[in-house]
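Only one structure is covered here, and it is reproduced in the block below.
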Amino acid sequence: MRDAHYNFKAIEAYWQQEWQRQRLFCVTESADKSKYWILDMFPYPSAAGLHVGHIEGYTATDVLGRYKRACGFNVLHAMGWDAFGLPAEQNAIATGVHPSINTQNNINAFRKQIQRVGIGIDWSREIDTTAPSYYRWTQWIFLQFFKHGLAHVENKPVWWCPKLGTVLANEEVIDGKSERGHYPVERRALRQWVLNITAYADKLLDGLAQLHWPEATLRQQKLWIGRSKGARVKFQIPNGGCLEVFTTRPDTLFGVSFIAIAPEHPAVSQLTTDEQRAAVQAYQASIAAKSDLERTDLAKNKTGVFTGSYAMHPLTHEPIPVWVADYVLMYHGTGAVMGVPAHDTRDYAFAQMAHLPIVPVIQAEKESPLPFCEPGVLIHSHEFSGLPTDEAQERITQALVERQLGEATVQYKLHDWLFSRQRYWGEPFPIIWVKEVDYQRLLQCKNSPLHEFLPIQPVTYEADGMKFYAVPLTSQHLPVTLPKVDSYQPTEGSTTPLQNADPQWLNIRINLATGAIEPGVQGASTEWIEGSREINTMPQWAGSCWYYLRYLSPHNKDRLVDPKALAYWGTPDLYVGGAEHAVLHLLYARFWHHFLFDIGVVPTSEPFTHLFHPGIILGADGNKMSKSLGNVINPNDIVDQYGADALRLYELFMGPLESSKPWSTQNIEGVARFLNRLWRTCIGPDGELSKNITQDEPSDDSKRLLHESIQKVTDAIERLRFNTAISQLMICLNGFQKEATIPKQSMEVFLQLLAPFAPHITEELWHRCGRTEAIVDAPWPKADSALCVSRQLNIPIQVNGKLRGMLVVQVPAQETEVIQAAKADAKVAPYLEQKTLIRTVYVPNKLVNFVVK
RNA sequence: GCCGGAGUGGCGGAAUGGUAGACGCUGAGGACUUAAAAUCCUUUGAUCGUAAGGUCGUGCGGGUUCAAGUCCCGCCUUCGGCACCA
């Protein structure tokens, strides 16, 4: 292969094949080398193929990986597929073809695309969340949650999306629409699996402190967890019992002029007097008819109706009117609030609407209009008057505790994680539902293998007057694979496509003593209990919560992750992926990892200590790339036209990695020219190494340029400022070309610097220079800082901060000499005449500034 | 509404408080060519001036400093996030 012109197609194909053949990027634990683990958020293999945005991220990590490797690190860079999820299932519904077929096709296309841009991946570690050998461990982790009482079943109002035929987690609902597909959602009460993430709220919050993450992402997680300290306060109500409210401002307790409860609050009908019943019921009906979007519209005026009842203030014993108001949300706190109009904006608006008293109980430092929502000093608050907010909160809470009418508590915005979907293409739950009597028999059979994941508190649900108990299958039953079904069509209510599976799969019996399972209905006996399988599947997030761990020992059959591999690789040194996962994936995965830490599976509590979000690549029109706008760039077309190296180089040259930037096919010409110029510089018209590449010693100027480039490129890669690294490489090549000849040793160093960005062309030229090892395995060049300093410098001379002249000085320059010369400079002197020199600022090797009057 | 990021030539963007606009694109002029493409050279912030050179200039208004794109205060625009969370 001795092309005279830059035949990127042949070069790229050849080296990609060669790297594969040599298994160049396959790594193993190696005690004599430091590890560097670089992790990309693995993609969902969509039918649309890899996006230029994916490539930007993978190229960035590849550049870092190749660079670290040249620096002597043992670099782990693996790839996998987050392949469960709705689009494959929607396709299955439309075509009747099993989602796994479609998924495998997409995976093959994605893998090929990634290989085509030359990303250095250890493909021996490839994982696929839909492979039974993988989801066996997803199911195993679920069973651990189950065993530790963190997974249970609730019949609760959930977001139901009729179009998708499934429920969605809070996080998957945006403005009353599904995150995927933007279909309307509604509230429905359904039986659901729930993971108790709120039990980890504090750990997830506290753990943020040790993370090197973008500030905005840390803030988003913090706000999402939404920890608020406050108190629960009981207001006694007429027919006995209490109305409990949550407040973060117990210090304003004496300013309560009403209590507002959510329209769905269970105490509404008890509290409603006969005179008010019609009005309250009409109000409830009007709220029920509204969508959540309408209800939560901030701009709307406050509404509500009086129940006719009064609750008793816990400290003053005064009667407080109880209102029903839809600005109170049933799903937060207790679904009831104490209205303190003087010190809460919402309560203030409500009180004005309802003509309720507004009693100030907090004094502001200076005159402030009501509502005043800041801390201050208490007034009109009996013995607590005069106390500052923070002290009053403690004292008043204490007073409530003494009367058993309140307690200090912490409330989270974070809700438990809705963990089941009424769909087909997801991990089946390894759970069997049995009757109460059978569960009791299981409990008595103390040596049963089925106790492996049995929780202390049974997980149950009731239907048609029957109570069902969840029995966890054992490790030996895993994986529970997806059965074949005739129809993937989503269903109404709480049935799911798995309901259509073979009854032999749906109904099984389990041997209490041995844990053996047999298909179909065969009747119970002394040894066997009968049950039916859970027919929900897990949400798409499940598989992505722990995939990175599997990269460390992807083929291990006995363990989720090999502890030896874990001890060597630790946690990823850098995790790169989109900011759109700031709360969803990153919070869920942290939760799982914290839990795995608690049960001793992993040695650290946090999975991702260093995180980076690449910016989005927009269409040439500045809009987000989308089919409907017709501004989508297909990376395959770019690779065909300009080559993978040009694509890689351009994507990183566009701008800083973290910022969003528009695509410009015109600008890619620039980097393509740069690569062509490099080729022509190295290869002569005969296809051999150019005559201009010589064994000469480099000139001082070119030596300085090279070492300056080593320094700048190295520093830029370390700081992920790839765009400036590339510009320095362009400067370097421009400089080389000004010389009559280029020393081969300089060119080889230049190729090494460019290699992480444009691995194919540099590998080719490197070998044509006569080198035999892979360019990534040549040690990264070191800058000689002594060579970087120029012997001559241009020193700007300012007068009163304005540039007036330029001085050329020899480098070890004496201050007095420089200043003398500066004063004497023909362009500067006139500005100093007739003036008094007040001050002379001299910054060595930088500038001179004369301050005159 | 609240919280955060960002505003620099015709465009993408550079610039540890120290020569604003590196590098690239585009445009203009030129060389090579029968011609074109490719390539190479010159030039390309605005403005005044024949020129030397001057003045202005990093969203707007102030401030700190010998010196501000960079730091501080107050706005505007824009992009994200949250959105009655008590």
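In what follows, every chain begins at residue 1, and chains take the letters A, B, ... in the order their sequences are listed.
Residue A:Tyr831 has a polar side-chain atom (N or O) positioned under 4.0 Å from OP1 or OP2 of B:rG54. Listed pair A:Lys802 / B:rA67 fails the phosphate criterion, with no side-chain N or O lying under 4.0 Å from OP1 or OP2. Remark: A:Asn667 is not in phosphate contact with B:rC23, judged by side-chain N or O atoms under 4.0 Å from OP1 or OP2. OP1 or OP2 of B:rA14 lies within a sub-4.0 Å distance of a side-chain N or O belonging to A:Asn723. Under 4.0 angstrom from either OP1 or OP2 of B:rA22 there lies no side-chain N or O belonging to A:Thr724. Residue A:Arg219 has no polar side-chain atom (N or O) positioned under 4.0 Å from OP1 or OP2 of B:rG4. The side chain of A:Arg804 contributes an N or O atom lying less than 4.0 Å from OP1 or OP2 of B:rU55.
Separating the CD atom of A:Glu215 from the C1' atom of B:rG81 is a distance of 15 Å, rounded to the nearest angstrom. Distance A:Tyr412 OH to B:rC82 C1': 20 Å, rounded to the nearest Å. Atom C1' of nucleotide B:rA86 and atom CZ of A:Phe258 are separated by 10 Å, given to the nearest angstrom. Between A:His332 atom NE2 and B:rA86 atom P the separation is 5 Å, expressed in whole Å. The distance between atom NZ of A:Lys661 and atom C1' of B:rG24, rounded to the nearest whole Å, is 15 Å. Atom P of nucleotide B:rA22 and atom CG of A:Asn794 are separated by 16 Å, given to the nearest angstrom. With rounding to whole Å, A:Lys712 atom NZ is found 10 Å from B:rU16 atom P. In this structure, A:His613 places its NE2 atom 17 Å from P of B:rG4, rounding to the nearest Å.
Here the nucleotide nearest the side chain of A:Asn734, chosen from B:rG18, B:rC66, B:rG24, is B:rG24. Considering only side-chain atoms of A:Phe246, the nucleotide from B:rU16, B:rU19, B:rA86 that sits closest is B:rA86. When the nucleotides B:rG24, B:rA86, B:rG13 are ranked by their closest atom to the side chain of A:Ser228, B:rA86 comes out on top. When distances run from any side-chain atom of A:Val843 to the nucleotides B:rA14, B:rA86, B:rG18, the shortest one goes to B:rG18. Of all nucleotides listed (B:rA86, B:rC25, B:rU19), B:rC25 comes nearest to the side chain of A:Gln666. The nucleotide whose nearest atom lies closest to any side-chain atom of A:Pro796 is, among B:rU19, B:rA15, B:rC23, B:rU19. The side chain of A:Met730 sits closest to B:rC23 out of B:rA15, B:rG18, B:rC23. When the nucleotides B:rA83, B:rC84, B:rA22 are ranked by their closest atom to the side chain of A:Ser727, B:rA22 comes out on top. For A:Thr248, the listed nucleotide lying nearest its side chain is B:rA86; candidates were B:rU16, B:rA86, B:rU19. The side chain of A:Lys846 approaches B:rU16 more closely than any other nucleotide in the set B:rC66, B:rC84, B:rU16.
Side-chain contact annotation: A:Asn734 with A:Arg677, donor-acceptor N/O pair under 3.5 Å present. Between the side chains of A:Thr681 and A:Gln737, a donor-acceptor pair is found at a separation under 3.5 Å. Side-chain atoms of A:Tyr327 and A:Thr303 include no donor-acceptor pair closer than 3.5 Å.
Contact check on A:Asp202 versus A:Arg227 returns a salt bridge, with a Lys/Arg side-chain nitrogen under 4.0 Å from an Asp/Glu carboxylate oxygen. With respect to A:Asp715 and A:Lys712, no salt bridge is recorded, no charged nitrogen being found less than 4.0 Å from a carboxylate O.
Between A:Met806 and A:Ala336, it is A:Met806 whose nearest contact on RNA chain B lies nearer the 5' terminus. With RNA chain B read from its 5' end, the first of the two nearest nucleotides for A:Gly801 and A:Arg721 is the one closest to A:Arg721.
Figure legend. B:rC2 is base-paired to B:rG81; pairs are counted as Watson-Crick or G-U wobble with both atom distances under 3.5 Å. Across all strands shown, B:rA68 has no partner, as no Watson-Crick or G-U wobble contact with both distances under 3.5 Å is found.
Both tests hold for A:Arg804 against A:Tyr831: distance to the six-membered ring centre under 6.0 Å, angle to the ring axis within 45°. Note that A:Lys302 lies outside the cation-pi zone of A:Phe350, set by a 6.0 Å cut-off to the ring centre and a 45° limit from the axis.
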Could you list, one pair per line, each protein nitrogen or oxygen that sits under 3.5 Å from a nitrogen or oxygen of nucleotides 37-46 of chain B, together with the distance?
residue	atom	partner	partner atom	Å
B:rU39	O3'	A:Arg680	NH2	3.2

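With a glycosidic angle no more than 90° from 0, B:rG9 adopts the syn conformation.
Only the C1' atoms considered, B:rG27 is 11 Å distant from B:rC11, to the nearest whole Å. When the C1' atom is compared between B:rU47 and B:rC41, the two are found 28 Å apart, to the nearest whole Å.
At least one side-chain heavy atom of A:Leu208 sits under 4.5 Å from a side-chain heavy atom of A:Gln221.
A:Leu678 contributes atom CG, which lies 11.0 Å from atom CE of A:Met730 (distance to the nearest 0.5 angstrom). For the atom pair A:Leu733 CG and A:Leu753 CG, the distance stands at 12.0 Å (nearest 0.5 Å).
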